[in-house]
Every structure is written in C-alpha cells, then in structure tokens.
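Bear in mind the structure is a predicted one, so any value in this text is a computation, not a measurement.
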Amino acid sequence: IFGDGSATHVGVNCMWGRLDWEAVPATSKNKFEGAAMMLGDGQSFIAGQIDGQMMWTTFWNAQAFVRSDNKEEAKKKVMSRLYSWNKDIAEIVKLSNIDNLSEVGIYDRPPAETWHTQRTILIGDAAHPMTPFLGAGANTAIADAFILGHLIENSPSIKNVFENFEKRRKTPLENTVKTARTVCEYSLSKTKWKTWLMLNGMALIPGFLLRRLILSGDNVNDVSDIAS
C-alpha cells in the first residue's frame, strides 16, 4: 500500500504441531508436563500439555524461508535438524501427525513513515508485524482495533482520527517490535551466556519485580483511559 516493500525475514523459521499426550514418550512427559522451554545451538523447543494433547513449537536460525513441497518433507527436515541437537525432541516431532504440522518463516518490518493514507489505515500485523517471542502480537492488534474504534466514534474527522491513532501507537509499538526482535535473537543465539541468560535470568529476579516487568511490557496496550 505504501510502497515500502515486503516484511523482513528475521533469519528464523518455525514449525508447530501436536500429538496425543498418551503418545508422548515417558522421558519427555516428565520434562514437559505443564510447560517447558529448551534453548541451545541456535534453536528452541517449547511444549506443554493442553486438553490431553502436547502442543509444541520449534524455532531455528535460517537464512530464508522456503516452504517445503509437502508436510512430510517439512517434517523430515525438522527431524534431521533436531536429531543433531536433542533426540528426545526429535522423537516428539516424529510421533506427531503430519496433518497437524505447520511451517512458517518469522518476519517483522522496519518502521514505516506512516500507517495511513487519506482514508485507509493499517493496524495489527499489517502495520507492525513482530516476532512472537514477546507473545504481544495479538494483544497489540486487539488494542489497535479498540483504540481506533474509540477515536472514530468520538471524532468527525478521519484525518484527525488517523493522526491521533499514530501519535498514540506508532512509536511505542515500533519499540515493541525492536524488543521482540532482540528477545528472538537472544533465544536463538549460539552464544552460551545469552542462552544462559534466557533460561536462568528470570529465576534470579524477585517475584514482585518480575511481575512488574511483565506487566510494564504491556503498558503500550493500556486502554484504561478510554475504556468504560
């Protein structure tokens, strides 16, 4: 729409899937009952038990995203990579039904000069796609829609609506995109101290301070001033 090109592949690809919890090998049940994350060697694996299923996601460093010809091929490629890192994780992927697998590239976008034209505005991932490592993408899209709706309801001028929306959302969300990219880079780093920090750093932070940090990260989506 604005001629600023496609979203940017951040050098990371992803696959997710699921399998019946009863089919999960016993050694992995002990590790992932509830939820757990494993990091190392430029990749990560996140899994947990939900409604009798193991839901899992794996990320890895990649120069580009090229979709596989079929899901069987995609599964074999991911298993090959995982076997060299952690055989237990590779077995989980092996046991997963290919019908439940999805592969995607991870993208974000450098800050755009504007999100709107005269009568069109972008919100959510169309305006500020971000890596999923903050778990903030859906939150920000919902908040975008709520704030935009409030502004439209309370202003007769579309020009003012769009300008006020960008004034409130653009710079803070561009910072969120950058933070998500940084967390992505640390999570998939091959540098041992970065991996250690991601796995152990939060455990060193007092609980009250950790809660404050987590909540402050979502301040960008605070709509208490306009919610009724």
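Partners of Asn97 by side chain to side chain donor-acceptor pair (under 3.5 Å), not counting sequence neighbours: none found. Remark: Glu174 pairs with Lys170 by the salt bridge (Lys or Arg N to Asp or Glu O under 4.0 Å) rule, at least two apart or across chains. With sequence neighbours excluded, the residues forming a side-chain contact (heavy atoms from CB on, under 4.5 Å) with Arg18 are Gln53, Met55, Asn100, listed by chain and number. Taking the side-chain contact (heavy atoms from CB on, under 4.5 Å) definition, one finds that Lys71 meets it with Ile98, sequence neighbours left out. Every residue meeting the side-chain contact (heavy atoms from CB on, under 4.5 Å) condition with Ala90, not counting sequence neighbours, appears here in chain and number order: Leu82, Tyr83. Evaluation of the side-chain contact (heavy atoms from CB on, under 4.5 Å) rule for Glu33 yields Trp21, Gln49 as partners, not counting sequence neighbours.
With no hydrogens or angles considered, a side-chain donor-acceptor pair links Thr114 and Glu166 at under 3.5 Å. Residues Ser155 and Ser157 bring no donor and acceptor atom of their side chains to less than 3.5 Å of each other. A donor-acceptor pair shorter than 3.5 Å cannot be found between the side chains of Arg169 and Asn164.
The closest side-chain heavy-atom distance from Arg119 to Ile158 is below 4.5 Å. Using a 4.5 Å heavy-atom cutoff, the side chains of Phe162 and Trp115 are not in contact. For the pair Lys77 and Ser68, the minimum side-chain heavy-atom distance is below 4.5 Å. Between Leu19 and Ile92, some side-chain heavy-atom pair lies under the 4.5 Å cut-off. Using a 4.5 Å cut-off on side-chain heavy atoms (C-beta onward), Thr58 and Cys14 make no contact. Between Pro25 and Leu95, some side-chain heavy-atom pair lies under the 4.5 Å cut-off. Residues Leu173 and Asp144 are in side-chain contact: their nearest non-hydrogen atoms beyond the backbone lie under 4.5 Å apart. Taking the side chain as every heavy atom from C-beta outward, Val183 and Thr131 never approach each other to under 4.5 Å.
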**Residues Lys75, Val93; criterion side-chain contact (heavy atoms from CB on, under 4.5 Å); working and verdict** = CA-CA 7 Å; Lys75 182 178 180 178; Val93 176; 4.2 Å; yes
**Message:** With ring pair (Phe, Tyr, Trp, His ring centres under 6.0 Å) as the criterion, how do Phe59 and Phe133 come out once you've worked through the C-alpha distance, each side chain's angles and the decisive distance to 0.1 Å?
**Reply:** CA-CA 10 Å; Phe59 297 90; Phe133 288 81; 4.7 Å; yes
**Worked check of salt bridge (Lys or Arg N to Asp or Glu O under 4.0 Å) between Glu163 and Lys159** = CA-CA 6 Å; Glu163 289 177 351; Lys159 180 177 184 293; 2.7 Å; yes
**Request:** Check the pair Asp41, Lys190 against side-chain contact (heavy atoms from CB on, under 4.5 Å), reporting the backbone distance first and the verdict last.
**Result:** CA-CA 5 Å; Asp41 195 32; Lys190 290 191 175 185; 3.9 Å; yes
**Request:** Before giving the answer on salt bridge (Lys or Arg N to Asp or Glu O under 4.0 Å), spell out for Arg168 and Asp225 the whole-Å C-alpha distance, their side-chain angles and the decisive distance to 0.1 Å.
**Result:** CA-CA 12 Å; Arg168 176 167 179 150; Asp225 59 319; 2.9 Å; yes
**Message:** With side-chain contact (heavy atoms from CB on, under 4.5 Å) as the criterion, how do Ile106 and Asn13 come out once you've worked through the C-alpha distance, each side chain's angles and the decisive distance to 0.1 Å?
**Reply:** CA-CA 6 Å; Ile106 303 300; Asn13 291 338; 5.8 Å; no
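Counting heavy atoms of neighbouring residues, nucleotides and ligands inside a 6.0 Å radius, atom NZ of Lys87 does not exceed 12 of them. The environment of Lys94 atom NZ is sparse: at most 12 non-hydrogen atoms of other residues, nucleotides or ligands sit within 6.0 angstrom.
Side chain of Ser44 to main chain of Gly40: no donor-acceptor pair is present (N/O by atom type, distance under 3.5 Å, no hydrogens or angles). With Thr191 contributing its side chain and Trp193 its backbone, the two residues share no donor-acceptor pair below 3.5 Å. Between the side chain of Thr140 and the backbone N or O of Ala136 there is at least one donor-acceptor pair closer than 3.5 Å. Here the side chain of Thr120 pairs no donor or acceptor atom with the backbone of His116 at under 3.5 angstrom. Asp20 contributes no side-chain N or O that, together with a main-chain N or O of Ala23, makes up a donor-acceptor pair within less than 3.5 Å.
In terms of heavy atoms, Ala143 sits closest to Asn221 at CB-OD1, 3.5 Å. Considering every non-hydrogen atom in both Ala141 and Gly124, the closest pair reads CB-CA, 3.8 Å.
For the salt bridge (Lys or Arg N to Asp or Glu O under 4.0 Å) condition, the pairs that include at least one residue of residues 95-110, sequence neighbours left out, are Asp4-Arg109, Asp108-Arg181. Listed by first and then second residue, the salt bridge (Lys or Arg N to Asp or Glu O under 4.0 Å) pairs involving residues 124-138 amount to none (not counting sequence neighbours). Legend: ring-ring contact (aromatic ring centres under 6.0 Å, His included) pairs involving residues 25-51, not counting sequence neighbours, sorted by first then second residue: Phe32-Phe45, Phe45-Trp56. Residue pairs meeting the salt bridge (Lys or Arg N to Asp or Glu O under 4.0 Å) criterion with at least one partner in residues 48-69, sequence neighbours excluded, do not occur; the list is empty.
One finds the CD1 atom of Ile142 at 12.0 Å from the CD1 atom of Ile147 (value rounded to the nearest 0.5 Å). How far CG of Asn154 is from NE2 of His150: 4.5 Å, rounded to the nearest 0.5 Å. Remark: Lys167 NZ to Leu151 CG distance equals 11.5 Å, nearest 0.5 Å. The NZ atom of Lys194 sits 13.5 Å away from the CG atom of Leu39 when rounded to the nearest 0.5 Å. For the atom pair Asn70 CG and Leu101 CG, the distance stands at 11.0 Å (nearest 0.5 Å).
Through side-chain heavy atoms spaced under 4.5 Å, either directly or across other Ile, Leu, Val, Met, Phe, Trp or Tyr residues, Val177 is tied to Met130. Grouping Ile, Leu, Val, Met, Phe, Trp and Tyr by side-chain contacts under 4.5 Å, direct or through others, puts Tyr107 with Phe65.
Trp16 is not connected to Val78 by any chain of hydrophobic side-chain contacts under 4.5 Å among Ile, Leu, Val, Met, Phe, Trp and Tyr, and they are in different clusters. Cluster annotation: Met198 and Trp85 are assigned to distinct hydrophobic clusters (Ile/Leu/Val/Met/Phe/Trp/Tyr, side-chain heavy-atom contacts under 4.5 Å, transitive). Leu188 and Met38 fall into different hydrophobic clusters, where Ile, Leu, Val, Met, Phe, Trp and Tyr side chains are chained together by heavy-atom contacts under 4.5 Å. Transitive grouping of hydrophobic side chains (ILVMFWY, heavy atoms separated by less than 4.5 Å) brings Ile123 and Val220 into a common cluster. Side-chain heavy atoms closer than 4.5 Å link hydrophobic residues (I, L, V, M, F, W, Y) into clusters, and following such links, even through other members, never connects Val12 to Trp60.
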